[in-house]
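Chain naming here is simple, since letters A, B, ... match the order of the sequence lines and numbering starts at 1 in each. All values reported here derive from a predicted model rather than from experimental measurement.
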Protein chains: 4
Amino acid sequence: MRVSDKHNKITQAAVKVFARKGFFNARISDIAKEAKVADGTIYLYFNNKYDILISLFEDEMGKIILQVKNQIETMSDPQEKLLFFVQNHLHLLDNKKDLAEVLQMELRQSNEFMKEYRNTRFIEYINIISTIIHEGQEQGIFHKDIAPGIAKRAIFGALDEMARLWILDKNHQYTIEETASQVCNLFLNGMLVTQTH
Amino acid sequence: MRVSDKHNKITQAAVKVFARKGFFNARISDIAKEAKVADGTIYLYFNNKYDILISLFEDEMGKIILQVKNQIETMSDPQEKLLFFVQNHLHLLDNKKDLAEVLQMELRQSNEFMKEYRNTRFIEYINIISTIIHEGQEQGIFHKDIAPGIAKRAIFGALDEMARLWILDKNHQYTIEETASQVCNLFLNGMLVTQTH
Amino acid sequence: MRVSDKHNKITQAAVKVFARKGFFNARISDIAKEAKVADGTIYLYFNNKYDILISLFEDEMGKIILQVKNQIETMSDPQEKLLFFVQNHLHLLDNKKDLAEVLQMELRQSNEFMKEYRNTRFIEYINIISTIIHEGQEQGIFHKDIAPGIAKRAIFGALDEMARLWILDKNHQYTIEETASQVCNLFLNGMLVTQTH
Amino acid sequence: MRVSDKHNKITQAAVKVFARKGFFNARISDIAKEAKVADGTIYLYFNNKYDILISLFEDEMGKIILQVKNQIETMSDPQEKLLFFVQNHLHLLDNKKDLAEVLQMELRQSNEFMKEYRNTRFIEYINIISTIIHEGQEQGIFHKDIAPGIAKRAIFGALDEMARLWILDKNHQYTIEETASQVCNLFLNGMLVTQTH
DNA sequence: GATGAATGAGCTTTCATTCAT
DNA sequence: GATGAATGAAAGCTCATTCAT
């Protein structure tokens, strides 16, 4: 078995266990059992329990970012790009339920460790949004007075809150498509009937 | 000392300690020391560690909800109400830094307990937004095709993400007023130059 | 309320609680609640938790010893005296269930405290038996080669074991009278058909 | 070191510590230290503190029962069997002082747990006595009107009380042999000079 | 004398991490 | 590289006892 296989097996097991129990309530032995590996083996691939979480985040976000960027490159319309980003984000909730739950929940800990972790992957991810907005502004499609640095956060936050609802409340009132459409419409057209610009 | 004083002293101490260390890393003895009270005394007022967190959330959210609702009642314009809600939420980040951090972070744990805890206070809080939207729609100011149930989440999520940025990244690029203005503008007018409605 | 009344109320409450939960699992607050008295009040009458147990034992055994001795003094036949002692001991199981249980169980703890406690009341109680045996030997009714110091223990032990069975196994196969009769017969006549004396 | 060795080491350490301090006053760390093992190691072999006590009882009683039964099988005379049982029981007090003390004392706790624990080993042990009595009755050696169910308890109780005296009062007035002889004589011949049968 | 809120030492149990095999 | 038994620090919670009122 190649080294990376075991590393990956443990990562996937950790995703499942963290999603089920939460980071603090998850035991190393749970992950080991899920990965069909001895407890000690985990420490051949990760420094400690936190390292599994960070590492998991880096790896999985890396894959997601790559995919999204590849897709978006093939598009030219900023509106289309944004819609894709939103739809893709929401679809992850179904396709990678456990992962979504871990990314959603566990990376929000307010402990010192987490505060120090410079979450560059996350920044890279949401910067995809600001890039789209910037393009839209240059093409004259989006208002120039929108601050991409704030809008990217607002859009991500909105999506993230949708995700939280989706994860916590299993009775989904809206489909992913409806939700994506509503969210895009909101950010593109706003709520006002008569624009004040 | 009145009973409620000690209860309150412990609650305030817990806010500080949870904000600093996070719920799981906070020790009961930390809270006791911060409250200048014996460890055992805490258990005269709370059933267990979780109970402190929940109870803290209920109490503090209760106060915030009351204040916001009172203020909003004095206004008639939905746009004005929304702006107030957004500004008020962001101002809490400065006025009640520790509390904001705890509400932000600790109530996102994915453990079984949290999943079961029906967070009615939280729902009550974000329903203030949907009520405003509904009013706006009835007055013909807001688009009828906006789903208030989605929009309230989107707006809260956006604010929440701003809060997270504010808490984690201490180098604030924008003032609270600028941020509030940007966010309101985004949700009211959208990003598109030419509306598609 | 006279002092002794409160002392007695606490003692009776302790008997109930110790019988129900055992000494170590009984809480002072349980006893206080049962006695309808404040926790602190107990410490006006007893030095500590152990003191309640010891004191309870001394008091209640004192009463029992007095009664038994008074009754036995009115009798002349050692056989009759022994039968009375046995019957009386077993009847206590019904009349004073809780007390019997506490005396039975709780004074058998092997902790250092208990080992040091010179249980003079207990010795006084079982010496009633040896006195009876001695009288019987002097009257030529009982074998001279019986060692009263051993026989008294054997008889008490037998009764005590009956008591234990009675307390632990609520399905009583024999009545108290049958049991008393069997035990007396055993110690008086032995099991052998042909005596070896 | 084989697994059973560590299990056994902990059991033996527990016997010593329970005998010295009593179950409730014994700390897990005392047992761990006595067994030269880490506190946590105990929980690899036992579920909790109670489990050590129960398990210890089951194991050690099991061994004792096996030995006694094996020896008794080689004898034919019920009188001889009874004498052996009595002598053997009293000899355990010397050979396995600590164990005797624990079995004596700690299994008399009146807590809920103990009341529920169906002490089958103990029943198996005293049933050895009733079997002997039954045999004696069938051979016409013992009186038919002796109830084996009561006599077994009486004999065990007598022995148990001897044991208690032996453990608590270190100034032994009689040797084990003398005691055994006296007890057997008492139960075989009774105290009366003239039998009433 | 009576109260009961407050104290804080004490203990069982858990679990991340190590290391001999 | 892999194992999993062993470690031992750590912490939530209890409850006998105190003492200001």
Measure the distance from [atom1] on [X] to [atom2] on [N] and round it to the nearest whole Å.
{"X": "Ile42(D)", "N": "dT14(E)", "atom1": "CD1", "atom2": "C1'", "result": "14 Å"}
{"X": "Ile31(A)", "N": "dT17(E)", "atom1": "CD1", "atom2": "C1'", "result": "13 Å"}
{"X": "Ile10(D)", "N": "dA6(F)", "atom1": "CD1", "atom2": "P", "result": "8 Å"}
{"X": "Asn48(D)", "N": "dT14(E)", "atom1": "CG", "atom2": "C1'", "result": "13 Å"}
{"X": "Ile52(C)", "N": "dC15(F)", "atom1": "CD1", "atom2": "P", "result": "15 Å"}
{"X": "Phe24(A)", "N": "dA10(F)", "atom1": "CZ", "atom2": "C1'", "result": "14 Å"}
{"X": "Lys21(A)", "N": "dC15(E)", "atom1": "NZ", "atom2": "C1'", "result": "12 Å"}
{"X": "Phe46(A)", "N": "dA16(E)", "atom1": "CZ", "atom2": "P", "result": "15 Å"}

ask   = When you match Thr41(B) and Ala26(D) each to their closest nucleotide on DNA chain E, which lands nearer the 5' end?
value =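 The answer here is Thr41(B).
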query = Toward the 5' end of DNA chain E, which comes first, Ile28(D) or Lys36(B), by nearest nucleotide?
reply =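 Comparing both residues, the 5'-ward one is Lys36(B).
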Can you find a side chain N or O atom of [X] that sits less than 4.0 Å from OP1 or OP2 on [N]?
{"X": "Tyr45(D)", "N": "dA5(F)", "answer": "no"}
{"X": "Tyr50(D)", "N": "dT12(E)", "answer": "no"}
{"X": "Lys6(A)", "N": "dG1(F)", "answer": "no"}

task = Search all heavy atoms of Phe122(C) against all heavy atoms of Met61(C) and return the closest pair with its distance.
result =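 Nearest heavy atoms, Phe122(C) then Met61(C): CA-CE, 4.4 Å.
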request  = Over all heavy atoms of both residues, which pair between Glu101(D) and Ala19(D) is shortest? Give the atoms and the distance, please.
outcome  =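 Shortest heavy-atom contact: OE2-O, 3.3 Å.
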ask   = Are the ring centres of Phe24(C) and Phe23(D) closer than 6.0 Å?
value =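 When the ring centroids of Phe24(C) and Phe23(D) are compared, they turn out to be at least 6.0 Å apart.
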ring-ring contact (aromatic ring centres under 6.0 Å, His included) against Tyr125(A), all qualifying residues, sequence neighbours excluded =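 ring-ring contact (aromatic ring centres under 6.0 Å, His included) list for Tyr125(A), sorted by chain: Phe85(A), His89(A).
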task = Supply the atom-to-atom distance Leu53(C) CG to Phe46(C) CZ, rounded to the nearest 0.5 angstrom.
result =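 Between Leu53(C) CG and Phe46(C) CZ, I get 10.5 Å after rounding to 0.5 Å.
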key: Phe57(A) side, atom CZ; Asp59(A) side, atom CG - distance, nearest 0.5 Å   =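 One gets 11.0 Å once the value is rounded to the nearest 0.5 Å.
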Tabulate protein N/O versus nucleotide N/O from nucleotides 18-21 of chain E, keeping only pairs under 3.5 Å, one per line.
none

task = Tell me, please, whether Tyr45(A) has Lys6(A) positioned over its six-membered ring: NZ or CZ under 6.0 Å from the ring centre and within 45 degrees of its axis?
result =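 No - Lys6(A) does not lie over the ring of Tyr45(A) by the 6.0 Å and 45° rule.
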request  = Among the candidates dG12(F), dT17(E), dT13(E), find the nucleotide nearest to the side-chain atoms of Lys49(A).
outcome  =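 Selected nucleotide (nearest to the side chain): dT17(E).
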key: Qualifying residues under side chain to side chain contact (heavy atoms under 4.5 Å, CB included), relative to Asn47(B), sequence neighbours excluded   =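 Counting only residues at least two positions away or on another chain, Asn47(B) forms a side chain to side chain contact (heavy atoms under 4.5 Å, CB included) with Asp51(B).
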ask   = So which one's nearest nucleotide on DNA chain F is more toward 5', Arg27(C) or Leu44(A)?
value =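 Looking at DNA chain F, the more 5' nearest nucleotide goes with Leu44(A).
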Sequence neighbours excluded and cut-off under 3.5 Å, please list the side-chain donor-acceptor pairs for residues 29-42 of chain D, or say none.
unit_1: Asp30(D); atom_1: OD2; unit_2: Lys21(D); atom_2: NZ; d: 3.4
unit_1: Asp30(D); atom_1: OD2; unit_2: Arg27(D); atom_2: N; d: 3.0
unit_1: Thr41(D); atom_1: OG1; unit_2: Ala38(D); atom_2: O; d: 3.4

task = Quick one: list whatever passes side chain to side chain donor-acceptor pair (under 3.5 Å) with Lys63(B), sequence neighbours left out.
result =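 Residues passing side chain to side chain donor-acceptor pair (under 3.5 Å) with Lys63(B): Glu60(B).
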Rounded (10°) bend between the five-pair end axes of the helix from dA2(E)-dT21(F) to dT21(E)-dA2(F) =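 Both end axes considered, the difference amounts to 10°.
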